[in-house]
Novice: 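The following block contains the structure, expressed as structure tokens.
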Amino acid sequence: MYEVKQTSEIQTVKDIENRIYHAFAVYRHMPPVKPQGYFNLWGEIYGYSTSDNKSMFLPADVELAEEVSEKWWPLLARYCPFDTRELIKYRCGSPIICNTKTQWSGVRSWYDVSQEFHVHQNTAIKRWHKAMGYLLKNLTKCV
């Protein structure tokens, strides 16, 4: 397992990678967002409520993941091209929709990433490290 640090404690690219992997893992297990005005009576009928379901992540984990999506991702949007952002999402295990079903996976191998983006593995790794370097440089400016 990896250690997830607060933004003020981050000093290396590895810390940033751990936070991004952690954020994707948290969002993978969060319930889907329901449209406004949607409600479900089946829980009431069967005698349980959705509030009884315990999340496997602590509120602090969710806060760290939200910080990545609200503060870090706009930095990547500003400094990295679209292909690099998609590479990051794919590497971290973003969902793939296949036959109208959403399939989640863990961290994908560099071989899978290179096959998906039609680049050499070293090129994919360099793009990843360049994006992580941008984040490290800009996060240290903000803190």
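Counting begins at 1 with the first residue of the sequence.
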Novice: Any chance you could measure Thr123, atom OG1, to His118, atom NE2, to the nearest 0.5 Å?
Specialist: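 The distance works out to 13.5 Å.
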Novice: State, with a plain yes or no, whether a side-chain heavy atom of Arg91 is found less than 4.5 Å away from one of Val107.
Specialist: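 Yes, at least one pair of side-chain atoms sits under 4.5 Å.
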Novice: Mind checking the CD1-CG spacing from Ile20 to Leu135? Nearest 0.5 Å is all I need.
Specialist: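 Those atoms lie 5.5 Å apart.
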Novice: Sequence neighbours excluded, which residues qualify as salt bridge (Lys or Arg N to Asp or Glu O under 4.0 Å) partners of Glu116?
Specialist: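 Here no residue qualifies.
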Novice: Could you give the distance from CE (Met132) to OG1 (Thr84), rounded to the nearest 0.5 Å?
Specialist: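 Going from CE on Met132 over to OG1 on Thr84, the span is 9.5 Å.
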Novice: Between atom NZ of Lys126 and atom CG of Asn122, what is the distance when rounded to the nearest 0.5 Å?
Specialist: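 Here the rounded value is 6.0 Å.
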Novice: Specify the closest pair of heavy atoms between Cys80 and Ala131, including all atoms of both residues, with the distance to one decimal.
Specialist: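 Looks like SG-CB, 3.7 Å.
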Novice: Run the numbers on Glu66 and Val26 for side chain to side chain contact (heavy atoms under 4.5 Å, CB included), then give the verdict.
Specialist: CA-CA 9 Å; Glu66 287 174 349; Val26 168; over 6 Å; no
Novice: A side-chain contact here means heavy atoms from C-beta on lying under 4.5 Å apart; do Val113 and Gln121 qualify?
Specialist: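 When only atoms from C-beta onward are counted, Gln121 and Val113 do not touch, as no gap falls below 4.5 Å.
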Novice: For Lys5, which residues count as a salt bridge (Lys or Arg N to Asp or Glu O under 4.0 Å) partner, sequence neighbours excluded?
Specialist: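 Result, salt bridge (Lys or Arg N to Asp or Glu O under 4.0 Å) vs Lys5: Asp15.
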Novice: As an exercise, state the distance from NZ of Lys137 to CG of Leu75, rounded to the nearest 0.5 Å.
Specialist: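 Rounded to the nearest 0.5 Å, the NZ-CG separation comes out at 11.0 Å.
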Novice: Output yes when Arg19 and Glu67 qualify as a salt bridge under the 4.0 Å nitrogen-oxygen rule, no when they do not.
Specialist: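 The answer is yes: the pair qualifies as a salt bridge.
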Novice: Who are the ring pair (Phe, Tyr, Trp, His ring centres under 6.0 Å) partners of Tyr90, not counting sequence neighbours?
Specialist: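 Applying ring pair (Phe, Tyr, Trp, His ring centres under 6.0 Å) to Tyr90 gives Phe117.
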Novice: Going from SG on Cys92 to CG on Leu87, what distance comes out if it is rounded to the nearest 0.5 angstrom?
Specialist: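 Here the interatomic distance stands at 9.0 Å.
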Novice: Go through the structure and list residues passing ring pair (Phe, Tyr, Trp, His ring centres under 6.0 Å) with Trp73, not counting sequence neighbours.
Specialist: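 Counting only residues at least two positions away or on another chain, Trp73 forms no ring pair (Phe, Tyr, Trp, His ring centres under 6.0 Å).
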Novice: Applying salt bridge (Lys or Arg N to Asp or Glu O under 4.0 Å), can you list everything that pairs with Lys14, at least two apart in sequence or on another chain?
Specialist: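 Only Glu17 meet the salt bridge (Lys or Arg N to Asp or Glu O under 4.0 Å) criterion with Lys14.
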Novice: What salt bridge (charged side-chain N to carboxylate O under 4.0 Å, His left out) pairs are there with at least one residue in residues 78-88, not counting sequence neighbours?
Specialist: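 Residue pairs passing salt bridge (charged side-chain N to carboxylate O under 4.0 Å, His left out), neighbours aside: Glu86-Lys89.
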Novice: Do other residues, nucleotides or ligands put more than 12 heavy atoms under 6.0 Å from the CD atom of Gln11?
Specialist: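 No, not enclosed.
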Novice: Might you work through the ring-ring contact (aromatic ring centres under 6.0 Å, His included) test for Trp128 and Tyr21, ending with a clear yes or no?
Specialist: CA-CA 13 Å; Trp128 171 270; Tyr21 291 146; 5.7 Å; yes
Novice: Look only at the side chain of Asn138 and the backbone of Tyr134, and say whether a donor-acceptor pair between them is shorter than 3.5 Å.
Specialist: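 Checking the backbone N and O of Tyr134 against the side chain of Asn138, a donor-acceptor pair under 3.5 Å is found.
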Novice: Hey, does Thr12 have a side-chain heavy atom less than 4.5 Å from the side chain of Leu136?
Specialist: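 When only atoms from C-beta onward are counted, Thr12 and Leu136 do not touch, as no gap falls below 4.5 Å.
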